[in-house]
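These numbers were taken from a predicted model, which means no experiment stands behind them. The chain is numbered in sequence order, starting from 1.
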Amino acid sequence: MRGVLPKPGSLLLFVIGAVVVQVVVFGHYLDYVKPSQGPLLLAAGGVLVAAGLVGVVRDLRQLEDDRGETTPSRPVLHTHGPLRADPETLAAAREERRHDHTRTPAVAWLWVVPVALVLAVPPPALGAFAASRAGAPVPSPVTHRGYSPLPPSGPLTLSVHDYAERAAWDHGRTLAGRTVTLTGFATPKDDGGWYLTRVMITCCAADARSYLVEVVGSGRTPAANSWQQVTGVYAASPSPDPGRPTARIAATAPTLPVAPPTDTYELP
């Protein structure tokens with residue numbers, strides 16, 4: 001009998017597909033990609049699950065066929081003592097075993113472990129740790145944009161990345177004298193204080209860009225990764241490097257803790 005389990009490749013396909021389907025069904029895929037990618041991921045996961053099942057069934061049938069075959073028994077080769085086989089016979093036996101592709105190395109099953117862990121404990125979305133490593137400078141706009149005047153009513157609800165770009169790259173021209181409301185998660189500063197933060201993605205977490213807005217006048221620093229709503233006005237944020245501007249907001253009302261949004265990431 002060649003084995004007692006299907007080959008790890010088929011099972012790995014099935015597990016990967018199950019992970020993809022699981023993250024889409026339970027909404028965890030929003031921690032990795034934008035919402036419009038959901039249907040594509042679900043379809044891809046279904047294909048992988050089906051391919052894995054076909055492979056598992058095929059391997060199990062092959063194992064059943066192998067059980068019914070009568071295979072000649074191999075002679076026992078001794079490597080030590082007076083019955084030790086000659087070197088040529090031992091070398092030939094080792095070479096035959098090395099080229100026996102019907103055997104699955106036990107270490108191959110380790111590929112299933114990390115994928116199964118993702119299925120059991122999905123990693124969270126990018127948060128304060130990743131944002132702090134990116135640093136406070138506001139990323140330059142992906143494309144040249146004109147910052148049009150904001151609507152006259154207020155307070156205005158803006159996305160964090162829009163406010164940060166207007167504050168850093170437009171020098172607050174369209175924000176002066178306006179009261180705005182921002183929602184994001186807290187990223188503590190190393191020297192005290194904190195940033196209101198959001199991560200923007202174009203396609204997926206691999207192209208993530210962190211936008212950090214320093215909050216001044218809000219009192220105590222919230223816990224890292226806690227979601228907060230800040231209402232305030234534009235405040236100039238001097239940067240030692242003009243090519244790496246930062247953003248700042250002066251709170252004019254108490255900071256309010258809020259529930260995390262369904263869509264963790266902001267979109268362009």
Side-chain angles (χ1 to χ4, degrees), residues 20 23-24 27-44 122-176 178-187 194-215 225 227-235 237 239 241-249 258-268:
V20 174
V23 298
V24 174
H28 299 308
Y29 77 101
L30 295 174
D31 293 342
Y32 318 111
V33 298
K34 59 184 182 181
S36 61
Q37 301 286 354
L40 296 177
L41 283 176
L42 190 60
L126 298 176
F129 176 76
S132 62
R133 292 174 63 87
V138 178
S140 60
V142 177
T143 59
H144 177 74
R145 56 174 294 194
Y147 298 95
S148 58
L150 297 172
S153 59
L156 300 169
T157 298
L158 296 181
S159 61
V160 172
H161 82 268
D162 186 25
Y163 177 91
E165 285 190 1
R166 289 173 182 269
W169 294 100
D170 194 42
H171 309 291
R173 179 180 58 87
T174 58
L175 297 172
R178 307 304 306 274
T179 299
V180 298
T181 298
L182 309 177
T183 300
F185 58 85
T187 300
W194 62 290
Y195 299 103
L196 188 72
T197 310
R198 288 296 291 268
V199 176
M200 184 181 74
I201 64 173
T202 302
C203 172
C204 59
D207 60 28
R209 295 157 63 90
S210 299
Y211 292 82
L212 292 79
V213 177
E214 182 181 3
V215 181
N225 288 312
W227 284 83
Q228 308 290 328
Q229 185 180 85
V230 175
T231 299
V233 295
Y234 164 76
S237 179
S239 173
D241 183 355
R244 293 168 56 85
T246 57
R248 178 184 292 179
I249 186 172
V258 295
T262 302
D263 297 337
T264 303
Y265 300 123
E266 292 185 342
L267 300 178

Any non-hydrogen side-chain atom of [X] less than 4.5 Å from a side-chain atom of [Y]?
| X | Y | answer |
| --- | --- | --- |
| Ile249 | Leu196 | no |
| Val199 | Thr264 | no |
| Pro141 | Tyr147 | yes |
| Arg178 | Leu156 | yes |
| Val160 | Thr183 | no |
| Leu126 | Ile201 | no |
| Val33 | Cys203 | no |

For Asp263, all residues meeting salt bridge (charged side-chain N to carboxylate O under 4.0 Å, His left out), sequence neighbours excluded: none
Any residue meeting salt bridge (charged side-chain N to carboxylate O under 4.0 Å, His left out) with Glu266, in chain and number order, not counting sequence neighbours: Arg198
Partner residues of Tyr163 under the ring pair (Phe, Tyr, Trp, His ring centres under 6.0 Å) criterion, sequence neighbours left out: none
Residue list, ring pair (Phe, Tyr, Trp, His ring centres under 6.0 Å) with Tyr265, at least two apart or on another chain: none
Nearest heavy-atom pair of [X] and [Y]: which atoms, and what distance?
| X | Y | result |
| --- | --- | --- |
| Arg244 | Pro137 | NH2-CG, 3.2 Å |
| Pro139 | Arg209 | CB-NH2, 3.1 Å |
| Ala167 | Ala247 | CB-CB, 3.9 Å |
| Thr197 | Ala131 | CG2-CB, 3.6 Å |

Residues Thr181 and Thr231: side-chain donor-acceptor under 3.5 angstrom: yes
Thr174: side chain to side chain donor-acceptor pair (under 3.5 Å) partners, not counting sequence neighbours: Arg166
Pairwise distance OH(Tyr32) to CD(Gln37) - rounded to 0.5 angstrom: 15.0 Å
Inter-residue atom distance Leu182.CG - Tyr211.OH, 0.5 Å rounding: 14.0 Å
Evaluation steps, side-chain contact (heavy atoms from CB on, under 4.5 Å), between Leu150 and Leu175: CA-CA 8 Å; Leu150 297 172; Leu175 297 172; 3.8 Å; yes
Under the side chain to side chain contact (heavy atoms under 4.5 Å, CB included) test, residues paired with Ala128 that sit two or more places apart: Phe185, Thr187, Ala224, Asn225
